[in-house]
Each structure stands twice: as C-alpha cells, then as structure tokens.
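The structure appears right after this line, and notes come after that.
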Amino acid sequence: MRIQFARCRRVFVASTLVVASTSALVVAQADNFSPETRYCDGAAFAGTGEGAASQLSIHSNLFAPEFASKCPIEGGLINYLGTSAPAGVRGLTNRFIPFAGTDVALTSAEKALMEGNFNRPSPVHQIPIFVDGYAIAYNLPCVGPSVNLSSKALALVYSGVITKWNHELIVADNRWLATCSSSIRLTKRADSSGATDTFQDYLAKRNPEWLPYSREALSAWPTLNFACSGFGDEGMVSCISSRPGAIGYVKMSVAAANGLPVANVQNSTLSFVGPSAAGCSAAASAAIIPPGASISMAPPQVGAIVGPAPPQWPATLGDWSVATMTDAPDDVLGGKSYPICSFGYAIMFQSWFNAYAGTLNGKIARSMIDYFTVALSDSTQVRLTEFGLAPLPPRIRGIGRDGLNSISFRNFTPLGF
C-alpha cells in the first residue's frame, strides 16, 4: 500500500512545514491484521479525498502512518489534496471524490444539495475526527505578561469600538496596559474558513450587540478598517507578526509553532484560559446542543452513566451545524475549558452505489471506512496532542464509528431514499 498526500500550499504547523509543489510518499510495511478496523483484507482500491489545507499535516503525519501500520492493504493508493474546505465540499457534491475534509460542518442547505445532487440520492455522514482550537494571537509593542481578553472586549475590538490597547475595558483585566497607547490593528482571514466561523460564533455567544455574519458573505464583516487580510493560517501569521499592535485568530498549533504571543480568553465560567488541547477536549466533553435544535440523535450507549448526563450529539447523519462547543459549559476541568474550539470533519456518503452509480468502485469505500476507523481508534486519537490537536471524547468517537459501520458500498438503498 502506498499513501500519497499532495501538498498544495505553504502551511506552518507545530511539527511540519508544507511547501507548494512538493509531495511526500509514505510506503506501508504492515504485516499484522488489526481487529479495530472493519476490513483490512488487502482488497481496497485507490481513492483521493480533498478538503481543508489545515487537515493535510494530520493526514500525512498521523492518520496515514497509523493506517499503514494496521491495515495490510497492498497496492492501494490513498490521496488527500489539501486545497480548501469549499473545494472538498464541491468535489463531494459533484461526486468526484470519496470523502471531503472540512473544519466546519455543512449547513442544512449544503447538506441537502449534496445528498440529492445529480439525482443520485444518498444521506451524508459528517464524522468528527479531531478537536481543534483557535488562539487569539497579537503583536504588542508594550512588554508585559500574557494579555487577558474578555468576551465583551474581543467583541468590541472586532466591532471597531475599541481601537487602543489601553482602552478601559482591556485595562480592567490588564493593569499593566494602562500606559500602552498603541493602536489595535485588526486582521482577519481572507478566505472561507472554519476559523472565522468558530471565532464569530464565540463572539456572538454572550455579546448580542455583535452581529455574526455567515461564511457565505465574508465581505459582510462590520465596516472596519482591517490592517490585513490573510489567506490561510500562514497568511494570518504574516499579518500579525509584521504589524505592531496587530490582533488576529489562528490555529493554536500554528501560533505556537511560529512563536506568536497568545491571549488568555474568557470562558463561560469567566475564567481567563490559554489555548490547549486539554482545554478543547474539555469543551467538547461539556458542550450541549442548543435546546430546540432539529437533529438526528445518536442512539444511547450501553452501560450506566456516571456523573452528569452526556451532551446530546447528533448521529453522523444528523445536522452537525448545531453542534457548537464554543463557550461550552465547563464541568470537566473546573473552569479551564478553552472557549474557541471546533471539530475537524470527514464527510462521505452513506450509500456508495446510489451516490456514485458505478463511477467509483465500491472497494474504495472499504479503504475509506478502514482509514477513518483507524483515525478514530484510541491509539491514534491519543497522539493528536503531539500535533497541537485534541482527541475526541469517547462518546463522539463511538458516534463516528457507528456511522462508519453503517456505510453500504454494495447495491443497497438506505431507508428513506
């Protein structure tokens, strides 16, 4: 088996530097059958997924080597193209690829279009594969300890109301900034990204005066004088590091890898916490689906529940756009949950035969099921912290495995279609 990942752009992460127009080849030497995978019988076919560039490193440096070590599939070639999440969504909607990678869940409209496009109906699975966090990074000319930023202060900064680092609302939590009259220089992502969605979701949670905007209209931010708009995490790093007084949002692993100072952000207990894998895992464990949300629920797990009832997450065929963990209630780490976190997803069809009508061999589905089952295994998930990501809570891993095990790749028509 060979696993090849195309690298389409420069991305700085905690453990790797990805450079445009290069590729890395991982050759598997796996001899042992792993019982935690569904097939692993050597009959898989080649498959090429596409999606968020931010997922490229974790596929090439963790998921691929783990898969190669567990599944003795000879001759299979699995590709992941780190172009963009919208490109992956388009590719899957048009039935060109077997799975898409994205850092933001599908909207109900996107999901409906994908499930019925080209008269090839099939439900769509959205499978969480890790938890990520976004740091509020800054470039402050004044020297002092880490900045504390309340939810209200951040909302007013990104509404254009607070324009100086020594504004009274910021100084209230940072006395040392009273004499720092540097102007705040706002930065934002220039491209569609889960980072923007997650950051805006956090700002809107306890600040109704801040108007959240949809990712379909990136230009519809509040009318502000942005100092810089960066493409991807690398663009945001450049924006922030090159402009004194700058502030922006960037993946926590990328901020750490590039030595950017990051703020302690206020969570739901009003504690100021810095970004961390443990803090994001706590957020995922404690988050609750908003009351009244229309979702397809996962079946309850067998066994007694110890402590508080688990959060009610959707099944993988449900609507994950309502499954936000920003500003989650914190009952796990005693006030240390980090409030700006989100899932990374793999998206794929439930009925392979219906969706592709023979254009993609069903054996590709077998390799995809194996691949993501390994990604959700305990031994793989525990290593996510090495890459600045957080493992999924056990209940959500179980929901993902249930979804993978329900995928059909023969001539089956799922109920309801």
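Atoms CD1 and CG, from Ile340 and Asp132 in turn, are 12.0 Å apart once rounded to the nearest 0.5 Å. Here the straight-line distance linking atom CG of Leu392 with atom CD1 of Ile129 works out to 8.5 Å at 0.5 Å rounding. With values rounded to the nearest 0.5 angstrom, Ile136 atom CD1 is found 13.5 Å from Ser146 atom OG. To the nearest 0.5 angstrom, Ile240 atom CD1 is 5.5 Å from Leu260 atom CG. Here the CG-NE2 distance, from Leu404 to His125, works out to 7.5 Å after rounding to the nearest 0.5 Å. Ser351 OG to Ile407 CD1: the interatomic distance, rounded to the nearest 0.5 Å, is 10.5 Å.
Contact detail for Trp165 and Gly245: the closest heavy-atom pair is NE1-O, 3.1 Å. A pairwise comparison of heavy atoms in Cys280 and Met325 identifies O-SD, 4.3 Å as the closest pair. Listed here is the closest heavy atom pair of Phe272 and Ser150: CE2-N, 3.6 Å. The shortest non-hydrogen separation linking Lys111 to Leu317 is NZ-O, 3.0 Å. Between Asp173 and Asn148, the shortest heavy-atom contact is O-ND2, 3.4 Å. The nearest pair of heavy atoms linking Gly403 to Thr316 is CA-OG1, 3.3 Å.
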Practice item. Apply the test side chain to side chain donor-acceptor pair (under 3.5 Å) to residues Asn207 and Ser151: give CA-CA distance (whole Å), side-chain angles for both, the deciding distance (0.1 Å), then the verdict. Key: CA-CA 8 Å; Asn207 300 286; Ser151 172; 2.6 Å; yes
Exercise for review: Begin from the C-alpha positions of Asp402 and Arg395 and carry the test salt bridge (charged side-chain N to carboxylate O under 4.0 Å, His left out) through to its verdict.
Suggested key: CA-CA 11 Å; Asp402 290 343; Arg395 176 172 171 78; over 6 Å; no
Check your understanding: Between Phe387 and Phe130, is a side-chain contact (heavy atoms from CB on, under 4.5 Å) present by the stated rule, with each step listed?
Key -> CA-CA 11 Å; Phe387 302 90; Phe130 57 78; over 6 Å; no
Review point. When you look at Met114 and Ile347, which way does the side-chain contact (heavy atoms from CB on, under 4.5 Å) test go after all the steps?
Key: CA-CA 10 Å; Met114 186 177 291; Ile347 305 176; 4.0 Å; yes
**Study point:** Lys336/Ser271 under side-chain contact (heavy atoms from CB on, under 4.5 Å): CA gap, chis, key distance, verdict
**Key:** CA-CA 7 Å; Lys336 297 181 181 178; Ser271 301; over 6 Å; no
**Study point:** Intermediate values then yes/no, side-chain contact (heavy atoms from CB on, under 4.5 Å), Lys188 and Thr196
**Key:** CA-CA 8 Å; Lys188 67 177 178 69; Thr196 299; over 6 Å; no
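Judged by distance alone, with hydrogens and angles left aside, the side-chain atoms of Asp319 form a donor-acceptor pair with the main-chain N or O of Ser321 at under 3.5 Å. A donor-acceptor pair under 3.5 Å is formed between the side chain of Trp352 and the backbone N or O of Leu360. Looking at Asp327, its side chain does come within 3.5 Å of a backbone N or O of Ser268 through a donor-acceptor pair. Judged purely by atom type and a 3.5 angstrom limit, Arg189 has no side-chain atom pairing as donor or acceptor with the backbone of Phe231. Distance alone, capped at 3.5 Å, places no donor-acceptor pair between the Asn94 side chain and the Phe96 backbone. Proximity of a side-chain donor or acceptor of Thr380 to a complementary backbone N or O of Val374 within less than 3.5 Å is detected. The main-chain N or O of Asn354 is never found under 3.5 Å from a side-chain atom of Arg120 such that the two would form a donor-acceptor pair. Under a 3.5 Å cut-off, the side chain of Trp320 and the backbone N or O of Ala315 do form a donor-acceptor pair. Looking at Thr359, its side chain does come within 3.5 Å of a backbone N or O of Tyr356 through a donor-acceptor pair. The backbone N or O of Asn139 sits nowhere less than 3.5 Å from a side-chain atom of Arg243 that would complete a donor-acceptor pair.
Contact annotation: the side chain of Leu149 never approaches that of Asn264 to less than 4.5 Å [non-hydrogen atoms, C-beta and beyond]. By the 4.5 Å heavy-atom criterion applied to side chains, Asp103 and Tyr134 are counted as neighbours. Tyr80 places a side-chain heavy atom less than 4.5 Å from the side chain of Gln55. You'll find the side chain of Val124 stays beyond 4.5 Å of the side chain of Met348, heavy atoms only. The shortest side-chain heavy-atom distance between Ile247 and Arg185 does not fall under the 4.5 Å cut-off. Counting only heavy atoms from C-beta outward, the side chains of Ile396 and Pro393 approach each other to under 4.5 Å. Within the 4.5 Å cutoff, side-chain heavy atoms of Leu156 are placed close to those of Ile162. With a 4.5 Å cut-off on side-chain heavy atoms, Phe353 and Ser122 do not count as touching.
Side-chain contact, Asp191 with Ser193: no donor N or O sits under 3.5 Å from an acceptor N or O. For the 3.5 Å distance criterion, the side chains of Thr198 and Tyr249 fail to qualify, holding no donor opposite an acceptor. Between the side chains of Lys205 and Thr326, at least one donor-acceptor pair of N or O atoms lies under 3.5 Å. Side-chain atoms of Ser406 and Gln350 include a donor-acceptor pair closer than 3.5 Å. No side-chain donor-acceptor contact under 3.5 Å links Asn267 and Ser337.
Ion pairing between Asp370 and Lys70 fails under the 4.0 Å rule for side-chain N and carboxylate O. Glu50 and Arg90 are not joined by a salt bridge, as no carboxylate oxygen comes within less than 4.0 angstrom of a charged side-chain nitrogen.
Note: His59 and Phe63 have perpendicular aromatic rings, judged against thresholds of 30 and 60 degrees for the angle between ring planes.
With ring centers used as reference points, Tyr371 lies under 6.0 Å from Phe67.
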